[in-house]
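Right, one structure below, let's go through it.
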2 protein chains.
Amino acid sequence: MPPKIKSPEDREKLRTLILDAARTLFVELGIEAVSMREIARKINYSATTLYNHFADKEALLQAVCDEDFLALASGMRDIMQLPGLIERIQALCIGYAQFALSHPNHYRLMFMTPRAPCNLDITKIQQGNTEQDGYAQLKLVVQAAYDAHLFKADITDSELIAQTLWASTHGVCSLEIALGHETWIHWTDIEKRLHLMQSAILRGLLQHPESLN
Amino acid sequence: MPPKIKSPEDREKLRTLILDAARTLFVELGIEAVSMREIARKINYSATTLYNHFADKEALLQAVCDEDFLALASGMRDIMQLPGLIERIQALCIGYAQFALSHPNHYRLMFMTPRAPCNLDITKIQQGNTEQDGYAQLKLVVQAAYDAHLFKADITDSELIAQTLWASTHGVCSLEIALGHETWIHWTDIEKRLHLMQSAILRGLLQHPESLN
DNA sequence: ATAAAAAAGTTAACGGTGTTAAGTTAACAG
DNA sequence: CTGTTAACTTAACACCGTTAACTTTTTTAT
């Protein structure tokens, strides 16, 4: 005895009910546990109902991730209030890493999985919008530091610098997520790996690395 | 009219026939195109035949990757013959990156996908064996450089250094594989990204970075 | 030589997946 | 009171990995 015409609020309520059920499975059991039928079972609806709210599984997962990535971007916006430029860069990397390691499944879906040429169509995050896009914020502060001649003189592309900083933190995090549980590698402490990566990369990029704390 | 008892050579022949079909699909169409049925169709056998040669899909893909990773390790063994320690480290990173970018699907399966605690049970590569394990070779040369006091004095863990070097190259490669086709990021040239990463990380780690070419 | 065993394949099936088509029921609009 | 439409369901399609049961051939043992 299902049908009951719903107010827009009710509709929104069901949407977030689906979203939350999907997130729970996603976070707890990993992406392989997220099936449309499983999500539906969890909230006592049929699987096809999910398709009234999301085009397909991809769109649903994207929506889950979008929500949490907005939280990341928001955290970064706070970090951008810090006084020092280098301080800001360091804090951005640390915040980014904390997010990655505490949301490994999200991170994997967003940054470790090749996707169809453009799922911009799907995501609702406005890329390049500083308010919503973490990379845009990194680019901003790197550009400021570049303009202040904080980087070595022979490095002449601030976008390249930003991407290198990103890749360095991403390297540590993604390796930890993918292989951190492998026992044949005698992993050192993840904190130490993050710290050495950050200090090394900044020492290698900055004109005056001795100014690092 | 199928059954024909086969000599061990014949059996081996079919095994590599399966392996090659799997590799072709894997490399060309990506991992999602590799289904047991699809592989079987390609070589005109039934899907169940594959299970006479491989325990399951995971084992088959692992076998495909193992073969190619032995080639990588072999290339690294050649690089280890280079005279200079730093030269060797640089060449290892470059060779590693070339492999990753020319075998993105292999790379993704091996280094970008979390796995059950230990698929050592599956892989036939002997981890830690310098002959077969690329990471072991990196560790070796890093240890040698460490013993020669080539790294900054405040860095006191050579395993940590090796893992940082690995993560730095992995960061550039995995980001390129996962997001290199995204258009909302204004990617700089991949060669430049690799080069800046390597020079920056070495400048940050080495005691005498000015000695870099 | 004949019977039993093993090998190398096959088809059919199980339980799962994402997704769509068609049907059902309830609320609203005229 | 009759459409229409929204919300939801069941049934189905075409796939998937994997296993069980079966067939046919070859080898081995008596």
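Quick note on labels: first sequence line is chain A, next is B, and so on, each numbered from 1. Given the structure is predicted, the values throughout are model-derived calculations rather than measurements.
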Closest non-hydrogen atom pair between L175(B) and A167(A), with its separation: CD2-CA, 3.9 Å
Do you know which two heavy atoms are closest between L179(B) and F111(A), and how far apart they sit?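 Heavy atoms only, the tightest pair is CD1-CD2, 3.5 Å.
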Given atom [atom1] of [X] and atom [atom2] of [N], what is their separation to the nearest angstrom?
| X | N | atom1 | atom2 | value |
| --- | --- | --- | --- | --- |
| I18(A) | dC8(D) | CD1 | P | 9 Å |
| K13(A) | dA7(D) | NZ | C1' | 17 Å |
| L14(A) | dC8(D) | CG | C1' | 10 Å |
| N52(B) | dA6(C) | CG | C1' | 13 Å |
| E9(B) | dA8(C) | CD | P | 13 Å |
| D10(B) | dT27(D) | CG | P | 12 Å |
| Y45(B) | dT18(D) | OH | C1' | 20 Å |
| H53(A) | dA6(D) | NE2 | C1' | 11 Å |

Contacts under 3.5 Å, N or O only, protein and nucleotides 16-18 of chain C:
residue: dT17(C); atom: OP1; partner: S35(A); partner atom: OG; Å: 3.0
residue: dG18(C); atom: OP1; partner: M36(A); partner atom: N; Å: 3.2
residue: dG18(C); atom: OP1; partner: K57(A); partner atom: NZ; Å: 3.2
residue: dG18(C); atom: OP2; partner: M36(A); partner atom: N; Å: 3.0
residue: dG18(C); atom: N7; partner: R37(A); partner atom: NH1; Å: 2.5
residue: dG18(C); atom: O6; partner: R37(A); partner atom: NH2; Å: 3.1

Sidechain-backbone polar pair: W166(B) side chain, K139(B) backbone, donor-acceptor under 3.5 Å: no
Could you tell me how the ring of H170(A) sits relative to the ring of Y107(A): parallel (under 30°), tilted (30 to 60°) or perpendicular (over 60°)? tilted
Within the supplied structure, the quantity of interest is the number of heavy atoms (other residues, nucleotides, ligands) at a distance under 6.0 Å from H53(B) NE2; does it exceed 12?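 Above 12, so yes.
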Looking at T48(B), does any N or O in its side chain come under 4.0 Å of the phosphate oxygens OP1/OP2 on dG9(C)? no
Does F69(B) have its ring centroid less than 6.0 Å away from the ring centroid of H103(B)?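 So the answer is no for these two rings.
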